[in-house]
Amino acid sequence: MATGAALQVNNMNVSYGESRVLFDASLTFPASAVSVIVGRNGAGKTTLLKAIAGFLKPGSGSVVLGGDEITGLRPYQVVRKGLKYIPQDKEVFSDLTVRENLELASYAMKDHDWSKVLRYFPKLQQLMHRKGAYLSGGERQMLMMGRAILGKTHVLLVDEPTEGLAPSIVQDLVAAFKQLASHCTLVLVEQNLAVARELADQLYLMKEGKVVAHLADRAGIESLAFEKDL
Amino acid sequence: MSVPELAGTVVIGLAMSAIFFMLSVGLSLSYGLMRIVSLDQFLYYSVGAYMTYVVTSQAGNFWLGLLTGVIASCTLALTVEKSLYRRIYEKGVMFSMITSYGVLLVGIGAIKYIWGLVPRPVMTPIVGHVSLLGTTLPVYRFVVIGLAVVLYIGLRLFLERTIVGKAIRAGIEDVDKTEGLGIDVYRIFTLVFLLTAGLSALAGGIHAPLIMVDPHMGLKIIATAFMIVIIGGLGSIKGTVVSSLLIGQVMAFGFTIWAPAAEMAPFVIMLLVFLIRPTGLYGSQYLRR
Ligand SMILES: Nc1ncnc2c1ncn2[C@@H]1O[C@H](COP(=O)(O)OP(=O)(O)O)[C@@H](O)[C@H]1O
Ligand SMILES: [Mg+2]
């Protein structure tokens with residue numbers, strides 16, 4: 001993709017029934033940059049990602065992917081346009097093996113070349129025949145990311161990838177994100193501020209359904225502290 | 001109970017199980033994947049039986065009748081799926097129950113209008129008998145059992161070996177995550193709906209020579225079919241097989257021992273299963289929503 005915004009969210013409002021949880025959220029994600037969204041539990045980060053990916057219908061607002069308006073598309077159409085969303089819950093299909101999980105993504109995206117997946121996540125190679133139910137949290141996160149990078153991938157939205165993982169696995173993931181960043185635009189929701197600081201080219205801070213700060217300079221990102229800012 | 005009587009009862013029970021299986025497995029898959037209770041399947045069951053009746057009596061070919069029934073039912077089911085279900089998939093089980101019950105009633109009305117209220121006999125396609133343990137049994141019952149076995153194996157292979165089958169299994173676990181991979185889940189829904197309708201029609205056509213076809217045949221079998229789905233565990237094929245076998249035998253032995261028991265016993269079994277396993281025999285812990 002050319003320079004400029006890979007993904008743009010304009011004045012997004014989202015409600016669950018009567019209760020409104022996202023207020024006029026506007027965010028810009030530059031191509032080939034790592035953007036990190038931080039904020040306390042309940043700030044609306046997951047809601048924002050789900051609405052971008054088409055799993056929630058925004059009351060108003062628009063989503064533009066590389067110049068194409070994708071608001072209101074069904075989730076599978078959004079995926080086929082190259083915007084992938086990796087949910088927070090770290091659940092893969094428990095009754096399907098790692099291989100079958102990858103096969104489904106290959107089938108959907110018509111990309112049967114797994115070399116890229118195994119380059120980023122070599123550990124998956126040994127787990128091909130294991131069922132999803134028997135994978136660790138870190139392995140499931142790697143499988144979800146592996147599935148997501150098959151086929152056209154312009155933007156990867158990842159919701160709290162390091163949550164609940166051991167520090168060594170977190171380091172593996174951070175390394176993988178650094179490599180991935182040169183191939184696609186990354187949007188991470190991250191509560192682990194050390195990880196956020198290490199990866200972020202720019203950072204959005206959300207509070208009670210609103211975007212309250214945007215830090216695009218190193219100094220600003222480095223100075224972010226949990227107690228003070230979140 | 002003498003040995004010949006026992007053998008005869010077991011075989012009759014197995015043939016009933018075979019038909020119950022064909023009728024229930026699709027219902028179970030449809031609920032597992034789309035979270036619908038598709039009562040219109042019992043219309044496709046009836047249409048399958050009536051088409052078999054028409055073609056058998058007009059053209060003298062039962063198997064051609066069976067095929068006609070499957071094609072007619074799938075065509076009807078495709079129309080219903082595209083025009084009605086597409087609008088209600090996201091609305092919850094109650095919507096699909098009421099809507100599909102409406103479709104079933106309209107269909108039964110049409111059947112009454114075309115063929116009248118009188119039950120119609122369908123000629124058994126295979127008239128031979130075989131001797132088994134001192135009793136003679138119609139070959140057709142064995143053919144019915146064999147067909148169900150073939151269908152079961154075919155279905156298992158389809159779900160385990162093909163990519164679409166894997167997508168169905170994934171969807172039964174989590175539809176949103178399946179769509180999140182880029183799979184158009186509504187296409188998979190349509191396919192499973194048609195598969196279910198085809199199986200219902202097949203069950204109706206195959207059942208026809210063993211009973212008589214009548215406009216209410218679909219209504220009469222609803223409770224048994226759903227009981228089997230529930231006992232087996234929603235969304236589980238293995239569960240449907242086991243509970244079909246169980247209920248077939250219970251009903252067959254009920255009829256031989258004391259007729260009223262045949263109607264009552266399956267419900268007792270259902271309650272017993274629920275006391276032990278509220279999710280049914282093979283109900284998945286992964287099934288949500
Ligand atoms: N399905 C839902 N129905 C109603 N309210 C919800 C639902 N999901 C989340 N919420 C509410 O929306 C707000 C934002 O939630 P969420 O987007 O999950 O926040 P975050 O990911 O930042 O922790 C919270 O107040 C939460 O309780
Ligand atoms: Mg969240």
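Chain A is the first sequence line, chain B the second, and so forth, proteins listed ahead of strands; every chain is numbered from 1. What you see below is based on every heavy atom in this structure, not just the backbone, and it leaves out hydrogens, waters and symmetry mates.
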Anything under 3.5 Å between a donor and an acceptor, one on a side chain of residues 18-27 of chain B, the other on a protein residue two or more places apart or in another chain? List them.
from: S24(B); atom 1: OG; to: F20(B); atom 2: O; distance (Å): 2.7

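- Using bins of under 30°, 30° to 60° and over 60° for the plane-to-plane angle, the ring pair H207(B)/Y45(B) lands in the tilted bin.
- Between R74(A) and V185(B) the shortest side-chain heavy-atom distance falls below 4.5 Å.
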Given side-chain contact (heavy atoms from CB on, under 4.5 Å), test Y85(A) with M144(A) step by step and report yes or no.
CA-CA 9 Å; Y85(A) 159 63; M144(A) 294 204 293; over 6 Å; no

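- Residues of residues 77-86 of chain B never come within less than 4.5 angstrom of chain A, heavy atom to heavy atom.
- F193(B) and Y44(B) have perpendicular rings, their planes meeting at more than 60° on a 0 to 90° scale where under 30° would count as parallel.
- Taking the charged nitrogens against the carboxylate oxygens, K50(A) and D176(B) have no contact shorter than 4.0 Å, which rules out a salt bridge.
- Top candidate by heavy-atom pairs under 4.5 Å with chain B, chosen from K84(A), Q77(A), R147(A), is R147(A).
- Atoms CG and CD, on D184(B) and E179(B) in that order, are 7.0 Å from each other to the nearest 0.5 Å.
- Residue V78(A): no heavy atom, backbone or side chain, is found under 4.5 Å from chain B.
- Of all the listed residues (I86(A), L104(A), V79(A)), the one sharing the greatest number of non-hydrogen pairs under 4.5 Å with chain B is L104(A).
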